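Sequential numbering from 1 along the given sequence is applied to the chain's residues. Counting starts at 1 for both ligands and their atoms, in listed order. Keep in mind that what you see is a predicted model, and the values were worked out from it rather than measured.
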Amino acid sequence: MDHLLSKIESPRDLVGMSNAELAALAEEMREALCNLVSQRSAHFSSNLGVIELCLALHSTFDFSRDRLIWDTGHQIYPHKMITGRYHEFGTIRTKSGLMGYPNPQESPYDLFMTGHAGCSVSTALGLRCGDDLLRPAEGRHSVAVIGDGAFVSGIVFEAMNNAGGLKRKLLVVLNDNKMSICPRTGGLADMFDRMRTTKFYGGLKSEIVHLLDKVPLVGEPVERVLNNFKEAVKAGLHGGMLFEELGIRYIGPIDGHDIRQLRKYLAKVKKLKGPVLLHVVTEKGHGFRPAAEDPVYFHTPAPFVRTNGQVVPLGTGGSSKAYTNVASEAVEEMMAQNERVVVMTAAMCQGTKLEKVRKRFPDRFFDTGICEEHSVAFAAGLAKAGMRPIVDIYSTFLQRAYDQIFQEVTLQDLPVTFLLDRAGVTGPDGPTHHGMFDLGYMRMFPNMVVMAPGDAEDLRQMLAWALTHNGPTSIRFPKANAEGIEGAREPISLGRAEVLKTGRAGTIIACGTLLTECLKATQMLSNKGLDFAVINARFVKPLDAETLLRAISQTPVVVTVEEATLMGGFGSALLEMCGEAGVSAAHVHRLGVPDRFVEHADRGELLSILGLDAAGVARTCRRLTTTVSLHQDAV
Ligand SMILES: Cc1ncc(C[n+]2csc(CCOP(=O)(O)OP(=O)(O)O)c2C)c(N)n1
């Protein structure tokens, strides 16, 4: 059922369509989304919620020249469908297919490649000011669409403050669906809750306040009475006043599923001067009952089919446990053992699987909202007060808090533990979500201990160890099924690696959970008669100089393996160590992520492309062994 949708080649095709036709088109788009999630996991409930808004925006503005930024970008699917990509829509989130986020390489309608929340107002304002300077006669409109979850990011306030001061024409559409991924939290969330239920407000009440401000105040008792009256009136006013006071006209709330109303107000605000915040109320998961009832699960559900309106998951889903589960169980265990342990998430309670912890320890669980910088500084405060905070966060999102890791945590040498989930290749989300850089940026900071568990048991033990260490620590693990190494294990000890296997042909030094791939590689190599040693590095900082330098001195080929950017990562650290120790590292080869952004595809596909799976590691070892023996023969 796509007879309207299949004919939309560009938003120009929406021009002239009636509201009823657009509503019919919206239904076809919903159907397309449902069909997609029957094939693969994808962002779902957020996209269902913005279909009407997307159609209203594209039929009111001309974004082939006006500017449109979807904040975060996970709700970009309807926009992709009507900007010439519907016929490829089925490829979304697959290797060489469409990205699940905006991608300027796909379409001029996507201006920035994004995936991290909170920057839309800033970039839309920048576009506006750039257009004003470079092409003032064109009068291009600039629009940011931002969810209430992303709206609480500190950077949004920085941008709104700037916009209010600059007084440039800018439209910020607040897509208020009451949800981040989980229900939103915080004071602003409460304010939005109140605003959603108040009557439509078009900025008029600010005029009442300005009038009140003009009332002359004379004499002590009169002044007090009037002041009290003014405060009472102001208190009764709408939350939109917050924005009005910043110099931004607030309009709303309006129904985000009523195309007629949306178009009407968009056409009105299009004519207004200065920055405007249009408050649009939507329902996450709108139009598909199970998703509307459980938008958290349906944010990115596993593939399913619909049978009589019921959701039937496809496949068994597998019984294997992910490293994320191992981490959250370990967090729970640590919190049960030690009342000083607290955990924080920046709006990723579901992704980090902390729901059980939230329920069991409500006083020691903190969801800060999408506020990574605040989360880290907040953790530092808790640590200073004597608690043992765990910042459970995706590697890529922690990048936001670089300065707080520096100043609030490492400069003070505070015992904050960073649990970095999704470190390495995350898969179909692509470049904005891969966690490639943490080894580099974490190991730069004095006082920071940087760990990379080799398997699930390492992860558990490292968390327990980190909570006894009197300083900042970080532990990284990927989005992957948890694996375990068989046999007796060394306990975790600061700066000590673990030799898992000896061998004379060469040494593989694994940093992180690719250890299990490295062990598989040694099997493949031994089938070819090559006996390789394997070391589980465990610590990226401090390095186990004794064990690693010995291996480098004693074996003709050394391969380091890490799921992180090679620039500044574990292999780099090893080379620096060799340089300082005066040990030749000419025979050390580093495997990891080269100096480019990695595309979206399944994790397995990407590891194979990067040569980081067992076959890739074995291939490199074989090639290097052959080169070494050719060299020796020549000598
Ligand atoms: C900096 C950053 N932190 C965390 C995330 C993970 N994340 C993706 S979508 C999302 C919720 C966004 O909520 P909202 O903006 O209200 O959009 P909705 O999905 O409700 O439409 C979160 C927390 C992110 N993308 N960027």
Mind checking whether [X] contacts ligand 1 via backbone (N, CA, C, O), side chain (CB onward), both or neither, at a 4.0 Å heavy-atom cut-off?
{"X": "Lys284", "answer": "side chain"}
{"X": "Asp148", "answer": "both"}
{"X": "Arg184", "answer": "neither"}

Of all the non-hydrogen atoms in the protein, which one sits nearest to [atom], and at what distance?
{"atom": "atom 23 (C) of ligand 1", "value": "Ile370 CD1, 3.4 Å"}
{"atom": "atom 15 (O) of ligand 1", "value": "Ala150 N, 3.0 Å"}
{"atom": "atom 7 (N) of ligand 1", "value": "Ile181 CD1, 3.8 Å"}
{"atom": "atom 6 (C) of ligand 1", "value": "Met348 SD, 3.4 Å"}
{"atom": "atom 13 (O) of ligand 1", "value": "Ser180 CA, 3.5 Å"}

Can you tell me if [X] contacts ligand 1 (heavy atom of the residue under 4.0 Å from the ligand)?
{"X": "His299", "value": "yes"}
{"X": "Gly115", "value": "yes"}
{"X": "Gly49", "value": "no"}

Of all heavy-atom pairs between Gly247 and Pro275, which one has the smallest distance, and what is that distance?
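It is O-CG, 3.6 Å.
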Considering all heavy atoms of both residues, which atom of Ala42 and which atom of Pro301 are nearest to each other, and what is their separation?
O-CD, 3.4 Å
Do Phe63 and Val143 have side-chain heavy atoms sitting under 4.5 Å apart?
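Side chain of Phe63 against side chain of Val143, heavy atoms only: contact under 4.5 Å found.
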Could you tell me if the side chain of Val593 sits less than 4.5 Å from the side chain of Glu563, heavy atoms only?
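Sidechains of Val593 and Glu563: no contact.
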Sub-4.0 Å atoms of ligand 1 with respect to non-hydrogen atoms of [X]:
{"X": "Arg400", "value": "1 (C)"}
{"X": "Gly147", "value": "14 (P), 15 (O), 16 (O)"}
{"X": "Ser46", "value": "18 (P), 19 (O), 21 (O)"}
{"X": "Gly149", "value": "13 (O), 14 (P), 15 (O), 16 (O)"}
{"X": "Asn177", "value": "18 (P), 20 (O), 21 (O)"}

Using heavy-atom distances only, which candidate in Gln75, His74, Glu372 approaches atom 17 (O) of ligand 1 most closely?
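It is His74 that holds the nearest heavy atom.
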For atom 26 (N) of ligand 1, which of Gly351, Ala347, Ala117 has the closest heavy atom?
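Result: the heavy atom closest to atom 26 (N) of ligand 1 is in Ala117.
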His434 (side chain) donor-acceptor with Glu599 (main chain) under 3.5 angstrom
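Flag set: sc His434 to bb Glu599 pair under 3.5 Å.
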Might you confirm whether atom CD of Glu293 has over 12 heavy atoms from other residues, nucleotides or ligands at distances under 6.0 Å?
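Yes, CD of Glu293 has more than 12 neighbouring heavy atoms, counting only those of other groups under 6.0 Å.
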Counting only heavy atoms not in Met113 (residues, nucleotides, ligands), do more than 12 fall under 6.0 Å from its CE?
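For Met113, atom CE is crowded (more than 12 foreign heavy atoms under 6.0 Å).
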Relative to the ring of [Y], is the ring of [X] parallel (under 30°), tilted (30 to 60°) or perpendicular (over 60°)?
{"X": "His58", "Y": "His79", "answer": "tilted"}
{"X": "Phe445", "Y": "Tyr402", "answer": "tilted"}
{"X": "Phe288", "Y": "Phe304", "answer": "parallel"}

Testing Asn103, Thr91, Asp110 for side chain to side chain donor-acceptor pair (under 3.5 Å) with Arg85, which one passes?
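Answer after filtering Asn103, Thr91, Asp110: Asp110.
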